[in-house]
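Below is one structure; the comments refer to it alone.
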Amino acid sequence: MAKKAWSGRFRKSMAKKAEEFSASIDIDKRLYKQDILQSIAYARALQKAKILSQSEAQKIIKGLTAILKGIESKKIKFKKEHEDIHMNIEMLLISKVGDVGKKLHTGRSRNDQVSTDFRMYLKLKIIETVSFITQFQSVLIDKAEENINQLMPGYTHLQRAQPISFGHYLMAYVEMFERDKDRLMHIHKNTDVMPLGSGALSGTMLSIDRKFLAKQLGFSRISQNSLDAVSDRDFVIDYVYAASVIMMHLSRLSEELVLFSSYEFDFIELPEDYCTGSSLMPQKKNPDIAELVRGKVGRVYGQLINLLTIMKSLPLAYNRDMQEDKEAAFDAIDTLKNCLSLYIEMLRKIKVNSERMDKAVRKGFLTATDLAYYLVNKGVAFREAHRIVGEIVAYCEDSNMELEYVSLKQLKKFSDKFTYDVQRVLTAEESVKNKSGIGGTAPERIKEAIKSARANLVNAKA
Ligand code: ARG
């Protein structure tokens, strides 16, 4: 068994079971690139601090670059007995460049090292998540534009409520995802702080130029308290919280895709290549992808609780419990990425069943509120108008008739304020057109929303 880097004070080697239990290499090997880039920058800082000579630093950097290539070309295999990615790379370096490699860890601890790697990695993942969301928004906006004039029933309590445009419905999700991106960019700012130079917990006694390090590693800020720097995992929790909210948004959409594609609603058709059949019932076409995305929310919420629980009550500073943070975060990162990338393709291909939506929007007295406002415009108090229209709806229900088909003569029996122009407010088209205040479902408002959402997408790219 290979000797541990820290084995000096030990007389016994680690029990195999304990070693296997505590090794994290299978998880944290993902951080290999950040770890190597960090070490290259650190070697330069050590040279600047005169702890390494120029040729020693060069040797180390060359060795690290070769290791990076070896990992990327899959020539290098990691070893469990070296615990984690940091130790594996250090061991590889020593075997490659000899004793000079042993100098690289001077003044650095795995505690500030792992936090630095993780922040570097997460910064990339945040930007990647934002870019996936942007692509998804772009699909939603295109679909919304195609469907500005497609009406559908809007729901509250999952009961038909008022007519809306399907385009307006889709744009609601664009809004949600815009907030998600804002949240992510805020988290990016908090993640963009470099812990390196905090040592194990109390800082470094070497003249390491932390500003120089931050610049090389692309950090905008440097941590200001070494204890906090090595024990803070807020940035991870923040990301997984943001991922949870995104997944929650996706789950609401998923639920609607499942409902709307059901025989009962039949508003949309999901693409066949994103559905599955039944092993028993030959006629079935099941919305499994939408259901799975809905189900995967549980994983991401679970990882959020996992992280919050790992960190709860931990004394300052580093504790090994914290090693569990990476598996939790990586799982949330992967789950979110998979869901978004599937939805980008799937939503692009959904088909709208125009006939069914048109039919649905005309059944269920969806323009009753418009009728009440008609009376309000004629001077009737809203509460009174509400009561009158309620009575009309009851009458319609009894006579199995939609509001649109009630004659003026009949309406006049409920209120003398009704005149010939009432017919206009009874159609779904008119109702939608009238919702022309900012944020409403009127076609011109949706067009504006689409325009400004598109402008945001372009700005996000710039
Ligand atoms: N693999 C460890 C982690 O991810 C690195 C830090 C280990 N530090 C220590 N003192 N054992 O947390």
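Each ligand, and each atom within it, is numbered from 1 in the order the structure gives. Keep in mind that this is a model prediction, so the values were computed, not measured.
- Of all atoms in ligand 1, numbered sequentially from 1 with element shown, those under 4.0 Å from a heavy atom of Ser24 are 1 (N).
- Protein heavy atom at the shortest distance from atom 7 (C) of ligand 1 is Tyr318 OH, 3.6 Å.
- For ligand 1, the atoms closer than 4.0 angstrom to any heavy atom of Asp84 are 1 (N), 2 (C), 5 (C).
- Among protein heavy atoms, atom 4 (O) of ligand 1 sits closest to Lys326 NZ, 2.8 Å.
- Within the 4.0 Å heavy-atom criterion, neither part of Gln113 lies near ligand 1.
- The aromatic rings of Phe235 and Phe118 lie perpendicular to each other, with more than 60° between the two planes, well past the 30° mark.
- A salt bridge links Arg183 to Asp180: at least one charged side-chain nitrogen sits closer than 4.0 Å to a carboxylate oxygen.
- In the vicinity of Val114, heavy-atom distances shorter than 4.0 Å reach the ligand 1 atoms 4 (O).
- Counting only N and O atoms by type, the side chains of Arg210 and Thr204 include no donor and acceptor under 3.5 Å apart.
- Tyr173 pairs in a side chain to side chain donor-acceptor pair (under 3.5 Å) with only one of the listed residues (Glu256, Gln137, Glu178, Lys143), which is Glu256.
- The N/O atoms of His86, backbone and side chain alike, include none that comes under 3.5 Å of an N/O atom in ligand 1.
- Scanning the protein heavy atoms around atom 10 (N) of ligand 1, the nearest turns out to be Asn111 OD1, 3.3 Å.
- Taking the side chain as every heavy atom from C-beta outward, Ile71 and Ile36 approach each other to under 4.5 Å.
- For residues 113-124, the pairs satisfying salt bridge (charged side-chain N to carboxylate O under 4.0 Å, His left out) are Arg119-Asp232, Lys123-Asp192, with sequence neighbours left out.
- For atom 11 (N) of ligand 1, the nearest protein heavy atom (residue, atom name, distance) is Arg110 NH2, 3.7 Å.
- Using the six-membered ring where Trp is involved, His249 and Phe177 have ring planes that are perpendicular, over 60° apart on the 30 and 60° scheme.
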